[in-house]
Number of protein chains: 2
Amino acid sequence: MERADAARNRARILEAAALLFAEKAPQDVTMDDIAKKAGVGRGTLYRRYPDRASIAVALLDEHERDLQERLIRGDPPLGPGAPPAERLAAFYAAMVRLLEDHRHLVLGSEVGRSRFETGAYGFWRAHVRALLAAAGTPGPDALTDVLLAPLAPEVYGYQRDVLGLTPARITAALARLTATLAPGAT
Amino acid sequence: MERADAARNRARILEAAALLFAEKAPQDVTMDDIAKKAGVGRGTLYRRYPDRASIAVALLDEHERDLQERLIRGDPPLGPGAPPAERLAAFYAAMVRLLEDHRHLVLGSEVGRSRFETGAYGFWRAHVRALLAAAGTPGPDALTDVLLAPLAPEVYGYQRDVLGLTPARITAALARLTATLAPGAT
DNA sequence: CTTATAAGTGGACACCATGTCCGCATCACT
DNA sequence: AGTGATGCGGACATGGTGTCCACTTATAAG
C-alpha cells in the first residue's frame, strides 16, 4: 500500500510535469525542473520515475486507457461489430485526435525505439493485428507495424508543425491505408 | 579548398566512427570515443561534425547517393518508365536493402525528429510525392509521409531485432502499401 | 498516548558528456 | 625561407544525471 505523503507527492509531480511539458520542448524539461516545480527533492522524483519518458507515459495513461476501452467495448465502428476496414479507419481517426489533443505530451514520451517498449504500443499492435487477421490479410505480422508507423509522434509532429497539414487531411491519408487489408494477392 | 591534413583527419574520423558504430550501440558511442579512436583532438572533431548524427549521415551519404542516382536515372522499375505502383514497390525493396545492409549506421543517425531534417529525407519525400502525383492519388502531401513512416530506422530495427521478421517479409508487407495509390474514392 | 519500524524524503555529491576557446602547429603560396 | 591563414588539440566551464544516506514522517502495535 502507498503512504499518504507518497500519494500526495506523486500527484504533485504529475501536475508539475504536465505544466512543464505544456510550456516548453520536451527535451528542455529537465528532471530538476520537474522536482523544483513539484516542490520535492531529486531523490523523491527518481524513486518513482527513472526518467522523463516514464512521467510522460504516466500522464498519457488515462487517455490511452479511455481509447483502449472504447476499442474493446465501445460502439462500432470503433468497437466490435463493423467490418475490419471501417474499424481501422475509426482507429486512425481516434489516434489522430489523441495525438492532436496531447501533442506535447506524446512528444515528451521519449520518442524513438522506446515507443515500442510501452504497454500501449503492445495494445495498439494487438488491436491492428486482430483486424488484419479478421480481414484475412496475408502476412499480418509485418504489416501491423507498417500500419502503425505513421502514428509515431515524430511523424505526426512533422506533418503538423513543419508541413502545416491539418488533422483532417492526415486522417484522410491514413484512411487510404485501409486499402491494404483486402486479402487479394501479394 | 581543403587542406591536406584536414582531409586526412576527416578520413580518420569517418573510419573510426564506422568501427565504433559497428561494435556498440549508437547512444553509447561518445564524441570523445570517436576523437580518441581517430587520434584527433576534440576541437578537430567538432570543427566538422557538431554531433553524432552528422557523422552517421556522412557515412550513409555515399550509399544513399547511389540509390538516389538509380531512382533518377536507373532502369525500371526503380528508375523511370514503370507504372508508379511498381516503382514504389521497387523503392521499398531497395530501401529495405539499404536499411538491412547498414542497420547499425542508420540507427546511429540519431533517430527521432532529426530524421526529417536530413537532405536524404527530402529526396525520398520528393520521389514518393512524384509517384503519387503520377498515379493521380488525391491528397498526396499527407500520404507521402505516411508511406515513408514504416522506413524509419527504429521501426525496421524493431521488426528485425524484436519481432525477428525477415527482410523478405517486411518487403512484402510494404509492397501492400502500393494499394493506396489507386485514385479511387477516399 | 507512546514507541518502534518501515517507508519516504531531500539535497549534496560524484560522474560524465557536451561544446567552447585559444595558444600553438602546420599548411599553402610567394 | 617568409607570411598569412587555416586547422589542431586538449584544457576548461557548464549542466544534466543518477546515487546515496542521514533525517523525517506515517502507520500500526503496545
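Quick note on labels: first sequence line is chain A, next is B, and so on, each numbered from 1.
Note: CE (M31(A)) to C1' (dG15(D)) measures 15 Å, nearest angstrom. When the P atom of dT6(D) is taken as reference, atom CZ of R3(B) falls 9 Å away, rounded to whole Å. The CZ-P distance, from R10(A) to dA7(C), rounds to 16 Å in whole Å. What separates CD1 of I55(A) from P of dT17(D) is a distance of 10 Å, to the nearest Å. I34(A) places its CD1 atom 18 Å from the P atom of dG15(D), with the value rounded to the nearest Å. Counting to the nearest Å, the C1' atom of dC29(C) and the CE atom of M1(B) are 11 Å from each other. A straight line from CG of D32(A) to P of dG18(D) spans 12 Å, rounded to a whole angstrom. Look at CG on L45(A): it is 16 Å from C1' on dC20(D), rounded to the nearest Å.
OP1 or OP2 of dG8(C) sits under 4.0 Å from a side-chain N or O of R47(A). Residue R52(A) places at least one side-chain N or O closer than 4.0 Å to OP1 or OP2 of dT17(D). A close approach under 4.0 Å does occur between a side-chain nitrogen or oxygen of T30(B) and OP1 or OP2 of dT18(C). The shortest distance between the side-chain N/O atoms of N9(B) and the OP1/OP2 oxygens of dG7(D) is not below 4.0 Å.
Between Y121(A) and Y158(B), the angle of the ring planes goes over 60°, which puts this pair in the perpendicular group of the 30/60° scheme.
Residue T44(A) is classed as a base contact, given a heavy-atom separation below 4.0 Å to a base. D51(B) comes within 4.0 angstrom of no nucleic acid atom, judged by non-hydrogen atoms across all strands. Counting non-hydrogen atoms under 4.0 angstrom, R48(B) reaches the backbone sugars and phosphates but no base.
Counting non-hydrogen atoms of other residues, nucleotides and ligands closer than 6.0 Å to CZ of R8(A) gives a total above 12.
The existence of a salt bridge linking R70(A) and D75(A) is excluded, since no basic side-chain nitrogen approaches an acidic carboxylate oxygen closer than 4.0 Å. One finds no salt bridge joining K37(B) and E15(B) here, because no Lys/Arg side-chain nitrogen approaches an Asp/Glu carboxylate oxygen to under 4.0 Å. Checked for salt-bridge contact, E69(A) and R65(A) miss the test: no charged N lies under 4.0 Å from a carboxylate O.
Considering only the side chain of A4(B), dC27(C) comes nearest among dT18(C), dC27(C), dG9(D). Minimum atom distance to the side chain of R42(A) is reached by dA12(C), of the listed dA12(C), dG19(C), dA26(D).
Of the residues near DNA chain C, R8(B) and A7(A), the one whose nearest nucleotide (by heavy atom distance) lies more toward the 5' end is A7(A). Comparing Y46(B) and D5(B) by the nucleotide of DNA chain C that holds the closest heavy atom to each, the one mapping nearer the 5' end is Y46(B).
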